[in-house]
K.L.:
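Got a structure for you, written out below as structure tokens; questions coming shortly.
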2 protein chains.
Amino acid sequence: MDVETTVISMERAALDRWCTGDPWGYTEICADEVTYFDPNLDGRLDGLEALRQLVAPLEGKLKIDHYEMVNPKVQVHGDVAVLSYNLVDQALAPDGTATTDAWNSTEVYRRQDGKWRIIHAHWSRPKSRE
Amino acid sequence: MDVETTVISMERAALDRWCTGDPWGYTEICADEVTYFDPNLDGRLDGLEALRQLVAPLEGKLKIDHYEMVNPKVQVHGDVAVLSYNLVDQALAPDGTATTDAWNSTEVYRRQDGKWRIIHAHWSRPKSRE
């Protein structure tokens, strides 16, 4: 499997678990050194343990019915692969009302001992969603 | 000069020019393959020529009196260096009123032929600035 396919597959597997209320599929593919930005933070979060603490309260609370990884691109240089894409997701309320959400996503993967792990992540909102 | 010092110095030099109304210091340190997110776009922008077109209208329009690169971190792996920091900037109106702004910044640099160039950038707003 080429690098592009590998990291996109890993990202999708983590998103699949995330959407069912399991945030640990994401932290499992992050390296100890991971650094992380998202729009709910005031600055960068450093390290896997801090990321685990951030997502722990989300366990069992996430319910996303459908997502689309739009326009993914992987820039590979040696043992680093920069994945960027737009995530569009949709949740259905019990009455069937759909809520859509959208994200800019950067995931920098690094291969160490044959395994790809995220060393930096940056999540933000595209203009239409701010 | 070590990699960390090199890329932070390059970033500061580009910011110094940006703050005086010159956006070209930034595009000059971007690679042809650069991919780019910012909160005024609805999705990713691909390639140096597209980035040049994006910033061209800003020439002579930018005036930032002071900026601070808060908590910069550089993760170096081979010929890739991931710089992340918070940018806090301040502009003074003619009446002396200060306007502050803040950003989450990711700049992925890659070394090619001995030169470091940005191959991916992601700019967004921290929570307090949304």
Side-chain angles (χ1 to χ4, degrees), chain A residues 3 30-48 50 54 68-88 102-113 116-130, chain B residues 3 30-48 50 54 68-88 102-113 116-130:
Chain A
V3 174
C30 288
D32 286 342
E33 67 168 290
V34 68
T35 52
Y36 176 94
F37 285 122
D38 83 26
N40 296 314
L41 298 172
D42 255 339
R44 196 185 58 228
L45 184 150
D46 289 350
L48 183 54
L54 180 77
E68 197 177 346
M69 187 186 282
V70 179
N71 199 19
K73 187 178 179 85
V74 185
Q75 295 166 268
V76 186
H77 295 290
D79 286 326
V80 176
V82 182
L83 166 64
S84 57
Y85 63 100
N86 284 104
L87 178 68
V88 179
W103 301 85
N104 296 326
S105 171
T106 296
E107 306 275 40
V108 183
Y109 284 77
R110 177 201 173 202
R111 181 167 45 196
Q112 189 176 24
D113 302 329
W116 290 95
R117 291 291 178 266
I118 294 168
I119 61 165
H120 177 74
H122 192 146
W123 293 88
S124 71
R125 303 299 180 130
K127 182 177 172 63
S128 58
R129 295 291 165 175
E130 272 209 327
Chain B
V3 174
C30 288
D32 286 341
E33 66 168 292
V34 66
T35 52
Y36 176 94
F37 285 122
D38 82 27
N40 296 314
L41 298 172
D42 256 338
R44 196 184 60 228
L45 184 148
D46 289 348
L48 182 54
L54 181 76
E68 197 178 346
M69 188 187 282
V70 179
N71 199 20
K73 187 176 179 85
V74 185
Q75 294 166 269
V76 186
H77 295 290
D79 287 325
V80 176
V82 182
L83 166 64
S84 57
Y85 63 100
N86 283 104
L87 178 69
V88 179
W103 301 85
N104 295 327
S105 171
T106 297
E107 305 276 40
V108 183
Y109 284 77
R110 178 202 173 200
R111 181 168 45 198
Q112 189 175 23
D113 302 330
W116 290 95
R117 291 291 179 265
I118 296 169
I119 61 165
H120 177 74
H122 192 146
W123 294 87
S124 71
R125 302 300 180 130
K127 181 177 172 63
S128 58
R129 295 290 165 176
E130 272 209 332

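Here is how names work: the chains are called A, B, and so on, in the same order as the sequence lines, proteins then strands, and each is numbered from 1. Reckoned from all heavy atoms, side chains included, excluding hydrogens, waters and symmetry mates.
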K.L.:
Which atom names give the shortest non-hydrogen contact between A/F37 and B/Y85, and what distance separates them?
P.N.:
CZ-O, 3.5 Å
K.L.:
Using heavy-atom distances under 4.5 Å, tell me whether A/R44 contacts chain B through its side chain, its backbone, both, or neither.
P.N.:
both
K.L.:
With a 4.5 angstrom heavy-atom cut-off, which part of A/I119 approaches chain B: side chain, backbone, both or neither?
P.N.:
both
K.L.:
Is it the backbone or the side chain of A/D79 that comes under 4.5 Å from a heavy atom of chain B, or both, or neither?
P.N.:
neither
K.L.:
Identify which of B/V70, B/D38, B/T106 forms the greatest number of heavy-atom pairs closer than 4.5 Å to chain A.
P.N.:
B/T106
K.L.:
OG1 of B/T35 to NZ of A/K73: how many Å apart, nearest 0.5 Å?
P.N.:
7.0 Å
K.L.:
Check step by step if side chain to side chain contact (heavy atoms under 4.5 Å, CB included) holds for B/D42 and A/K127.
P.N.:
CA-CA 5 Å; B/D42 256 338; A/K127 182 177 172 63; 3.8 Å; yes
K.L.:
Among the options B/V108, B/N86, B/N104, pick out the one with the most heavy-atom pairs lying under 4.5 Å from chain A.
P.N.:
B/N104
K.L.:
Any chance you could measure A/N71, atom CG, to B/D46, atom CG, to the nearest 0.5 Å?
P.N.:
6.5 Å
K.L.:
For the NE2 atom of B/H120 and the CD atom of A/Q75, what is their distance to the nearest 0.5 Å?
P.N.:
7.5 Å
K.L.:
Picking from A/S84, A/S105, A/S124, what satisfies side-chain hydrogen bond (donor to acceptor under 3.5 Å, both in side chains) with B/H122?
P.N.:
A/S124
